[in-house]
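Everything on this sheet refers to the single structure shown next.
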Amino acid sequence: MELLLASAVGIMTACGVYLMLRQRTFPVILGLTLVTYAVNVFLFASGRLAQNLPPVLNPEATAYSDPLPQALVLTAIVIAFGMTAVVVMIALSAYLSARDDRIDMSEDDTYDDEQTADHVDNAEDGA
Amino acid sequence: MAQIYEILITAFLVISGVFGFVGSYGLIKLDNPMSRLHAPTKATTLGVGGVLIASILYTLMSEGRLSMHELLITLFLLLTAPITANFIAKMHIHRHETPESLPKVGEDQSWATLAPEKHKPEAE
Amino acid sequence: MKILQRLVPHPILTVLLTVVWLLLVNHFSLNSLVFGLFLGVVIPFITQPYWPDRPNLRNPWMILQYIVIVLYDIVVANIVVARLILFKRNKNLSPAWVCIPLELRTPEAITVLAATITLTPGTVSADLSDQGHSLLVHCLDAPDPGAVRDEIKDRYERRLMEIFE
Amino acid sequence: MMHLIVLPVVLPAILAPFIIMAIRHHMDLQRIFSLAGTVALVAITLTLLAQAATGDIQVYELGNWPAPFGIVLVLDRLSALMIALTALLGLAVLLYVIGTDWDLKGRHFHPLFQFQLMGVMGAFLTGDAFNLFVFFEVLLIASYGLMIHGGGARRLRAGVQYVVYNLLGSTLFLFALGTLYAVTGTLNMADLAERVAVLPADETALIRVGAVLLLVVFAIKAAVLPLHFWLPASYANAPMPVAALFAIMTKVGAYSILRMYTLVFGPDVGSTDGLVGDWLLPAALLTLGAGTLGILGARKIGKLVAFSAIASMGTLLIAISLFTEQATGAAIYYIIHSTFATGMMFLVADLIVSRRGGIIAPGTPMAQNGLIASLFFAGAIALSGMPPLSGFIGKLLVMDGARDADQWALIWGVILIASLVTVVGFARAGSLIFWKGYEAEPPDEGTQETHPAPTSALPFVAVFGLLAGLILLSVFAGPVHDYARATAGQLFDPQEYIGAVLRGGK
Amino acid sequence: MIAIAIQFASACFGIGLLLNLWVMARTGTPGDKVLALDTMVINAIALMVLYGLSHGTAVYFEAVIIIAMFGFVSTVAYARFKLRGNIIE
Amino acid sequence: MSLFLIASLPFLGAIFPALLIRAGRNASAASAGMVTLTALIGLLTNAPAVLRGEVVVARIDWMPGLGLNANFFLDGLGLLFAGLILGIGLLIILYARFYLSRKDPMGQFYTYLLLFQGAMVGIVLSDNILLLLIFWELTSLSSFLLIGFWKHLPEGRQGARMALLVTGSGGLAMIGGMLIIGNIVGSYDLTVILQHKELIQASPLYLPALLLILAGCFTKSAQFPFHFWLPHAMAAPTPVSAYLHSATMVKAGLFLMARMWPVLAGTDAWFYIVATTGLVTMVLGAVIALFKDDLKALLAYSTVSQLGLITMLLGFGTKAAATAAVFHIINHATFKCALFMSAGIIDHSAHTRDIKRLGGLIHLMPLTFTIVLVAALSMAGIPPFNGFLSKEMMLEETLSAVWQGSPYLVAALAVFGALFSVAYSFRYIGHVFLGKRRSDYPGEPHDPGPGLWLAPVFLTFLVVVIGLFPNAVVGPLVQVASGAVIGDGQPVVFYAKLWHGFIPALYMSVVAVVGGFVLLLMQRRLAPLWDAAPRPEAKVIFDALVGGFTSLSRRLSEALHDGALSRYAAIFMVFTLALAAYAYGTGAKGAPNREMLDLTIMPVIGWICLTGATVCVVAFHRNRFLALVLIGVVGLIIALAFNYLSAPDLALTQISVEVVTIILLLLALNFMPKNTPQESSTGRKLRDATLSIGAGLGAGGLIYALMGREFSQPSISEFHLENSYSGGGGTNVVNVILVDFRGFDTFGEIIVLGIAAIVIFAITEAVLASNVRGRLLNREPDMAQAGNPHPLMMVVATRVMMPIALMVAAYIFFRGHNAPGGGFIAGLIAAIAVVMQYMASGYEWAADRQRVYYHGIIGSGVLIAALTGMGSWFAGLPFLTSSFGYITIWPLEKFEWATAALFDLGVFLAVLGAVMLALESLARFAWQPGMDSEHPMEINPARDDADNHEKQEA
Ligand code: NA
Ligand code: NA
């Protein structure tokens with residue numbers, strides 16, 4: 001069982017990492033999702049595996065699985081969800097604004113300075 | 001009494017297993033995309049249903065109380081299965097069917113999925 | 001009365017929800033009932049903007065009858081379809097589209113009909129016509145599509161007409 | 001008041017949702033509340049700093065659960081210093097942002113800003129490793145929002161990179177925490193320290209992996225080469241005042257390295273021996289080198305300052321990587337300096353960018369050219385480690401702290417040469433920006449002052465505030481350094497911390 | 001007896017899962033893939049109930065309920081995407 | 001006056017000129033003058049004591065931890081230099097007032113000048129080498145500002161940067177040297193260091209320290225081969241040249257050599273490095289100076305030469321030479337400063353400094369001529385001026401210097417250099433003033449007003465007076481200064497006189513003067529030869545070096561930071577894997593000691609599904625939709641696995657988060673390309689695959705190794721299991737951990753979620769406010785769209801499902817404390833219940849029915865959680881301390897209440913609001929005009945029939 005889980009973690013990590021190294025934002029996000037799965041399972045397994053010993057107290061139970069990693073993974077899942085949502089949104093906005101969903105930027109693909117544009121807007125606002 | 005329960009439970013489990021398998025099997029056996037839709041949406045309904053009934057009986061047998069919450073799962077499935085089937089069918093119609101390949105509509109103009117957009121947004 | 005209608009926009013829903021609560025809790029007690037009822041009133045009240053129409057169901061006895069028929073048909077359907085899938089060759093199947101002209105008008109009724117069709121023998125509700133006056137049904141194996149149409153109209157739609165309209 | 005210690009986290013955590021809920025559409029009210037909150041934070045953190053300066057370690061048991069079972073906040077000299085620094089920098093940045101109307105580019109600047117402060121404060125205060133992760137995420141996600149504040153294609157694309165790279169780091173953080181927990185069965189840092197110290201010999205391989213993964217996570221935040229790549233584009237494309245605030249974020253990484261590698265995996269801990277210094281020092285030297293090259297080669301002001309942030313982290317990490325009490329004292333002094341200097345320079349960069357664009361090339365003289373030039377000059381002095389500002393003292397301290405190291409000559413050489421190249425880079429940039437513009441028409445003392453000032457005085461108050469910080473840091477270098485040395489002493493005597501958390505905590 | 005029946009049913013649904021996966025992996029229409037996922041959800045529900053049954057515990061019930069509810073939502077979302085591009089309009 | 005005050009007065013006073021410039025240029029100049037005068041007077045109050053041989057000290061502990069202290073001391077050397085700096089500074093302030101034009105920002109000038117002055121005074125008064133370093137670097141910085149003062153001159157900017165680079169780099173080298181010295185001695189205090197000659201010179205680090213310190217001195221004092229910056233610095237206004245480049249800054253290097261003389265000098269290394277450098281510089285500078293046509297360049301190279309001379313004297317390491325050096329420092333300051341000022345005067349009125357365009361000025365500028373005549377003759381070493389005295393001392397010292405066994409080499413070269421000095425000095429006089437009056441001066445040469453001539457005249461006066469009465473005028477000063485240089489406590493005897501008799505030095509002088517005169521006559525013929533001679537042009541080399549280095553670093557830096565995140569990520573992977581492998585390899589690992597779970601068939605099937613789907617995601621990732629479906633499979637199986645492995649809470653969470661994520665990704669994918677193009681080369685794919693496999697092996701191997709062993713010590717979760725019910729009031733330990741034991745984590749977590757939603761909303765607003773909005777409005781769908789977006793069946797079904805789902809949410813919420821569930825999952829369920837409405841009935845319709853803003857829900861959620869946490873303060877307990885109890889109300893059974901539930905309510909609301917805000921924001925992208933629909937479903941026969949009925953009736 002442990003071997004199955006470990007190999008699943010490994011495969012998910014490997015596939016996720018491969019996708020994270022692609023050049024477009026969307027596959028990178030998919031890769032992140034896979035890696036997130038992998039790490040959640042990893043963190044979960046750090047409390048060791050147990051079958052049918054849910055950490056819900058009841059008088060008949062003789063043992064429980066480790067509740068702490070479960071709580072941690074729960075937090076981690078939620079946080080990862082928030083992060084994914086944000087990165088999806090930023091990637092989408094970047095694509096819509098730049099019409100390019102490449103994840104790599106070259107130093108001079110838009111050389112004109114956007115910081116200036118910010119302030120031009122600002123100045124106009126003020127005027 | 002327990003014997004009857006056991007037999008009943010076993011029967012339901014076996015039946016559900018068979019139907020569950022048939023549902024998934026049909027998915028690869030049938031060659032027409034619309035036909036494939038029939039396999040899971042029907043067979044698994046009873047498949048899951050059988051398991052749930054077995055579960056109810058089991059609780060009744062082992063704890064002597066009527067645990068009905070499995071019924072909720074059935075309720076959900078019955079409520080949702082038609083909708084998902086409807087959507088998957090619409091996907092098929094959208095991609096593969098034409099007004100000609102479908103039966104005549106009757107008193108209306110066309111089938112909804114193939115109907116031209118009613119509220120076409122005005123491009124500005 | 002108006003106030004009561006405001007407060008309990010869908011009385012059947014309230015009952016349904018209370019039952020759902022009891023099922024969820026899976027333990028009947030006064031506490032569960034009171035709390036379930038409370039939620040059964042509060043939740044429809046909160047969500048009523050999302051369900052503005054109020055379908056009125058007329059014939060509770062018919063409803064029960066209908067449910068039994070459908071459950072029975074589902075069991076039969078499963079056996080039939082399982083046989084088709086397991087033992088009949090693909091080329092011997094004759095799938096068909098069937099158009100079912102509708103007399104039902106309320107959305108709720110049409111939905112129940114469509115759902116019933118999907119849950120029962122070898123049929124799937126695939127689409128509505130653009131005015132909602134016909135239902136498109138796909139049959140897994142229907143050498144005679146007309147028979148399927150007639151059975152649906154007779155076995156289900158007629159009963160639903162009595163319940164809803 | 002015992003609850004004071006939790007206020008740096010709770011106050012912004014209440015303020016931000018309040019702003020979102022109640023005054024989302026009233027920018028003036030948002031400003032008032034945000035400012036009031038930040039001022040309060042300054043007061044609170046300075047009070048805490050005064051308390052910590054006595055040498056007592058305060059422990060706050062959240063939920064009234066004893067460590068290591070619940071989460072604790074720990075206020076020692078280091079965390080007190082860091083939160084005070086955060087509040088002060090935050091106040092300056094906030095004043096600047098309000099003065100330049102940067103916050104009007106969206107309606108959510110202030111809540112995000114408060115959340116950012118909250119995340120940083122929490123990261124500095126927490127005594128629990130997983131809670132540290134949570135606060136990392138809080139500060140990161142707020143920083144994502146701040147980084148792309150104002151929008152624009154290039155900024156958004158840089159934002160994608162920033163987020164993705166940091167998500168890699170966050171993922172690694174979890175791998176590391178899982179490993180640490182799986183070996184030791186605890187998450188509390190003090191408890192970790194106790195357990196790691198007595199770890200059986202056959203567990204070392206795994207704890208070492210966990211320790212090193214954790215270090216990589218912190219090294220990302222601290223922008224250590226070769227994990228620094230996220231920084232230049234992110235900082236250069238972020239709104240400059242936001243980048244100024246981010247000056248504290250790299251310090252979170254440095255802080256975490258200091259904390260974990262003195263408390264848990266300290267130099268005396270056998271099982272994790274040789275994990276840090278061996279490569280962190282070379283990496284820090286290279287970081288300094290990469291930052292310096294970037295300064296010299298920068299085409300845009302944003303990049304110039306971003307690379308100087310990297311360079312200053314390089315210097316800081318050199319001091320940290322030595323893991324001696326003396327060098328750590330230097331590092332702590334340098335943290336203060338680097339935060340103020342980097343923050344100030346980003347603000348000055350914004351003043352320039354708003355007047356003449358971000359490209360380092362001759363242009364026409366801008367409004368308030370002389371004033372901004374002097375501020376730029378001051379910032380450049382600070383960042384290149386020239387006297388009289390604290391950068392020089394910091395540099396001397398770091399060099400002095402390295403004198404007993406085997407590689408002292410290498411360290412000195414790199415620091416000094418980097419300093420020189422930085423000077424050249426800033427001189428080049430400064431003379432292109434401020435002087436070359438006069439080529440067309442010689443300056444005229446009379447006309448220069450007649451340009452109307454385009455903005456209020458508030459931005460300058462902010463910049464001068466940070467400059468004043470640098471000056472005070474130089475003038476009161478003695479007391480500050482005393483505090484820093486005492487802090488280092490506290491770090492290198494972890495038993496005090498452990499005892500306070502696990503046994504004396506109340 | 002019940003135990004064996006549970007094993008049998010589990011095997012059936014488990015094989016069903018593998019068959020669904022096979023549909024996923026081979027070429028097919030998007031509709032097939034969505035259908036296969038939907039079927040996987042059903043099989044998963046059955047397996048979880050069986051698991052609870054085999055251990056005589058109701059502690060997994062909530063998960064089943066949620067999967068039943070959410071399997072539907074994601075199936076509709078996938079389908080809507082293919083139908084309209086926009087799943088909320 | 002206290003030394004602190006003297007040292008800080010120029011700094012404190014530096015703001016006055018800048019402030020007072022609004023009151024006029026005279027006010028500004030006067031303030032600068034007053035500051036300087038005050039400091040000078042202050043200095044002079046200390047002079048008697050110093051001249052008596054005392055050392056005036058002032059100490060403040062600044063950074064005792066570092067050994068950096070604000071310690072000052074005033075001895076003879078300090079007095080001499082401080083006097084020069086302040087005295088000449090005063091003259092320069094006067095001169096500059098009339099030299100600078102109306103257009104020059106004079107306030108700024110005086111401010112910079114005072115800053116520089118302060119730095120110089122600081123150097124010469126420092127009794128702490130770290131403090132000295134601070135002032136040292138300050139002179140570099142302030143001189144940068146002064147040299148670049150004329151911003152519009154490219155030469156000024158370049159010269160400033162060159163000076164900064166050269167002197168700055170020397171200064172940095174010197175930091176290294178000084179720190180070494182400090183480490184050897186164990187103190188950074190000069191007075192302490194100066195007492196440890198033996199210790200320093202015996203140290204193996206003596207030579208590196210010496211080299212580093214000398215690098216600082218030589219660069220500052222423009223010694224060969226660092227001499228080239230000084231002529232380029234002449235682009236500065238003339239007062240600056242006169243002040244920095246003749247009298248003060250360039251002498252800082254000399255000062256330091258003199259200061260450190262007691263501990264550094266006297267070794268062979270010292271002699272050969274210092275004396276040789278000085279000698280070469282002296283000769284070279286003199287030769288070049290002769291061929292410079294720019295007056296200031298001539299003076300600059302002559303300065304280089306004279307500085308070389310002094311350096312050489314210091315290098316000799318003898319007391320007499322040191323004394324001569326000190327004396328020449330004074331003399332050089334007087335005549336060279338006067339000469340610079342005169343060059344400025346000429347430039348000012350003739351509008352040129354080019355010797356070739358001058359000549360015959362004696363007729364137009366007799367006063368200036370007089371100044372130049374005296375000063376230049378002094379420079380040439382003609383009696384009776386002061387230059388003669390010190391130069392003769394120098395020549396005499398060269399005679400006793402033996403260079404690698406050659407007794408006369410140094411002397412011969414010195415004469416050679418002296419000969420050229422005579423020539424260029426005469427050239428200044430002859431080619432500029434003598435000869436016929438010309439008619440083609442660019443300007444109108446005339447003698448200036450007193451403002452400009454007062455200062456040089458005063459200096460010239462000193463030249464004469466010192467020449468005539470050396471012992472009376474400067475004798476005591478030279479004695480105490482030399483005494484400080486030599487530092488052995490022995491009194492120094494200084495006795496200078498014009499006539500020593502026919503000593504060898506005299507002959508050498510004569511040779512130099514005569515030879516120089518001859519050389520001048522030949523200058524016009526030699527000049528073309530000189531110009532034609534190949535020689536390295538320092539500026540070209542320097543520019544090429546700096547430019548090359550700059551562009552190299554730019555290329556390196558930009559190649560390194562080329563914006564390719566995929567490469568950054570690959571580097572990250574490699575680095576992390578390598579470090580982890582190293583860490584693992586250097587540790588020890590015991591054999592597995594934990595019994596593993598049995599393998600049954602179900603996990604194997606799950607494994608196949610999971611890994612199969614995962615591999616398929618990669619294989620099909622170009623088809624983005626399909627990849628998303630497969631991700632759904634992965635998520636589902638993981639949920640199953642969590643359930644199987646006793647984590648029902650995780651299964652619940654996983655599956656609900658999964659759905660929301662998929663919805664989110666589908667919403668985004670609508671606007672993005674539906675397929676990923678094939679872009680990577682095979683090599684790159686291989687590289688990535690290798691890295692991925694490495695990462696996979698790492699992660700999988702690590703967790704396998706971890707699971708194989710028991711906890712080395714009992715896990716803290718045992719406490720949680722034991723105390724969950726008694727202390728937290730719940731039987732679902734996971735939930736109790738979340739809302740109680742580690743509620744603070746959860747508090748952070750909901751804030752993360754809330755921020756995520758706010759960020760998403762903010763981006764939406766920003767993007768929709770930009771030009772993207774237009775594009776979105778005109779966007780044509782990239783796929784054919786099916787009709788009937790809001791099917792009737794779906795609408796009806798979701799109307800029933802929504803209340804039921806909310807019921808389930810309520811159940812999950814209330815049961816969470818004791819059974820799997822909790823506020824978080826409940827929030828997600830509620831959110832999905834609402835999302836179903838959006839999907840079924842349309843964004844517009846559903847959004848219209850929304851009563852509470854999602855912002856408000858998020859905010860209230862976080863606030864409720866925070867306020868619940870703060871509630872415990874009133875009980876005097878820490879933040880987030882929970883409390884629970886049981887209530888019985890007839891006829892109900894007893895039920896539990898817990899503050900944790902309130903906290904969980906906050907979680908619920910925050911999650912609900914956050915998910916909804918995020919999804920709704922994304923949905924706003926798709927909004928187009930005309931999309932608004934008053935009906936939730938397009939097809940509704942009941943409605944349509946009613947409409948038709950109405951129409952018919954009407
Ligand atoms: Na279905
Ligand atoms: Na069906």
Original post:
Considering all heavy atoms of both residues, which atom of F:F11 and which atom of F:A119 are nearest to each other, and what is their separation?
Top reply: CZ-N, 3.4 Å

**OP:** Below 4.5 Å from any heavy atom of chain D, which atoms of F:S770 appear? Answer side chain, backbone, both or neither.
**Re:** neither

**OP:** Please flag which part of F:A160 lies under 4.5 Å from any non-hydrogen atom of chain D: side chain, backbone, both or neither.
**Re:** side chain

Original post:
For F:A705, is it the side chain, the backbone, both, or neither that has a heavy atom closer than 4.5 Å to a heavy atom of chain D?
Top reply: both

Subject >> CE on D:M386 to CD1 on F:I134, rounded to 0.5 Å >> reply: 11.5 Å

Subject >> Part of D:L62 within contact of chain F (heavy atom distance under 4.5 Å) >> reply: both

Subject >> F:E765, part contacting chain D, at a heavy-atom distance under 4.5 Å >> reply: side chain

**OP:** Check each atom of D:P226 against the heavy atoms of chain F and say whether the ones under 4.5 Å are side chain, backbone, both or neither.
**Re:** both

Original post:
Using a distance-only test with no angle check, is there a side-chain donor-acceptor pair under 3.5 angstrom linking D:S431 and F:R161?
Top reply: yes

**OP:** Output yes when a side-chain donor or acceptor of D:W412 lies under 3.5 Å from a complementary backbone atom of D:M399, and no otherwise.
**Re:** yes

Subject >> Heavy-atom contact with chain F under 4.5 Å, split by part of D:I220 >> reply: side chain

Original post:
With only heavy atoms counted, which part of D:I415 is less than 4.5 Å from chain F, the side chain, the backbone, both or neither?
Top reply: neither

Original post:
Given a strict heavy-atom distance threshold of 4.5 Å, which part of F:L579 is in contact with chain D: side chain, backbone, both, or neither?
Top reply: both

Original post:
Under a 4.5 Å heavy-atom cutoff, which of D:L227, D:V424, D:I295 has the most pairs with chain F?
Top reply: D:L227

**OP:** Output all residues satisfying ring-ring contact (aromatic ring centres under 6.0 Å, His included) with D:F229, sequence neighbours left out; order by chain, then residue number.
**Re:** F:H561, F:Y568

Original post:
Side chain, backbone, both or neither: which part of F:H720 has a heavy atom under 4.5 Å from chain D?
Top reply: side chain

**OP:** Run the numbers on F:L165 and D:V423 for side-chain contact (heavy atoms from CB on, under 4.5 Å), then give the verdict.
**Re:** CA-CA 8 Å; F:L165 201 161; D:V423 170; over 6 Å; no

Original post:
Side chain, backbone, both or neither: which part of D:R24 has an atom under 4.5 Å from a heavy atom of chain F?
Top reply: side chain

Original post:
With a 4.5 angstrom heavy-atom cut-off, which part of F:S712 approaches chain D: side chain, backbone, both or neither?
Top reply: both

**OP:** Tell me yes or no: between the side chains of D:T204 and F:K589, is some donor less than 3.5 Å from an acceptor?
**Re:** no

Subject >> F:G563 backbone acceptor or donor facing D:Q161 side chain under 3.5 Å >> reply: yes

Original post:
Any donor and acceptor pair, going by atom type alone, linking the side chain of F:T576 with main-chain N or O of F:F572 inside 3.5 Å?
Top reply: yes

Original post:
With respect to chain F, which residue among D:D191, D:V6, D:L206, D:T186 yields the maximal number of heavy-atom pairs within a distance under 4.5 Å?
Top reply: D:L206

Original post:
So which of D:G70, D:A182, D:G145 has the biggest tally of heavy-atom pairs under 4.5 Å with chain F?
Top reply: D:A182

**OP:** Measure F:L68 against the heavy atoms of chain D and call it side chain, backbone, both or neither at under 4.5 Å.
**Re:** side chain

**OP:** Name the option with the most non-hydrogen atom pairs under 4.5 Å to chain D; the candidates are F:E710, F:E718, F:M707, F:R709.
**Re:** F:R709

Original post:
Which answer fits F:P714, side chain, backbone, both or neither, if we ask what part of it has an atom under 4.5 Å from a heavy atom of chain D?
Top reply: backbone

Subject >> Lys/Arg-Asp/Glu bridge criterion (N-O < 4.0 Å) met for F:R567, F:D562 >> reply: yes

Original post:
Got a donor-acceptor contact below 3.5 angstrom from the F:W62 side chain to the D:F476 backbone?
Top reply: no

Original post:
Are more than 12 heavy atoms from other residues, nucleotides or ligands located less than 6.0 Å from atom CZ of F:F549?
Top reply: no

**OP:** Heavy-atom distances under 4.5 Å only: say whether F:Y188 touches chain D with side chain, backbone, both or neither.
**Re:** side chain

**OP:** Select, from D:W279, D:F18, D:F135, D:Y144, the one with the greatest count of heavy-atom pairs under 4.5 Å involving chain F.
**Re:** D:W279

Original post:
So which part of F:I571 gets closer than 4.5 Å to some heavy atom of chain D, the side chain, the backbone, both or neither?
Top reply: side chain

Subject >> Structural part of F:F135 lying under 4.5 Å from a heavy atom of chain D >> reply: neither

Original post:
Checking heavy atoms, do the side chain of F:L552, its backbone, both or neither come under 4.5 Å from chain D?
Top reply: neither

Original post:
Can you check whether D:S271's main-chain N or O pairs, donor with acceptor, with D:R208's side chain at less than 3.5 Å?
Top reply: yes

Original post:
Does the side chain of F:N723 come under 3.5 Å of the side chain of D:W65 through a donor N or O and an acceptor N or O?
Top reply: no

**OP:** Please look at D:V209 and chain F and tell me whether the side chain, the backbone, both or neither of the residue comes under 4.5 angstrom of a heavy atom of that chain.
**Re:** both

Original post:
Cut-off 3.5 Å, side chains only: do F:D104 and F:W150 have a donor facing an acceptor?
Top reply: yes

Subject >> Atom group of D:V183 that falls short of 4.5 Å from chain F, counting heavy atoms >> reply: both

**OP:** Tell me, for D:L112 versus chain F, whether the close heavy atoms (under 4.5 Å) come from the side chain, the backbone, both or neither.
**Re:** side chain

**OP:** Go through the steps for D:L397 and F:M63 under the test side-chain contact (heavy atoms from CB on, under 4.5 Å), then give the verdict.
**Re:** CA-CA 10 Å; D:L397 274 172; F:M63 275 188 84; 3.7 Å; yes

Original post:
Going by atom types only, do D:T126 and D:N131 share a side-chain donor-acceptor pair under 3.5 Å?
Top reply: yes

Subject >> D:F307 versus chain F, the contacting section by heavy-atom distance below 4.5 Å >> reply: side chain

Subject >> Per-residue contact mode, D:I71 against chain F (heavy atom under 4.5 angstrom) >> reply: both

Original post:
Considering only heavy atoms, which portion of F:L141 lies under 4.5 Å from any heavy atom of chain D: side chain, backbone, both, or neither?
Top reply: both

Original post:
Among D:A233, D:A484, D:P388, which residue forms the greatest number of heavy-atom pairs with chain F at distances under 4.5 Å?
Top reply: D:P388

Subject >> Closest non-hydrogen atom pair between D:T184 and F:F711, with its separation >> reply: C-CD2, 4.3 Å

Original post:
If you count heavy-atom pairs under 4.5 Å with chain F, which of D:L199, D:N188, D:V475 comes out on top?
Top reply: D:V475

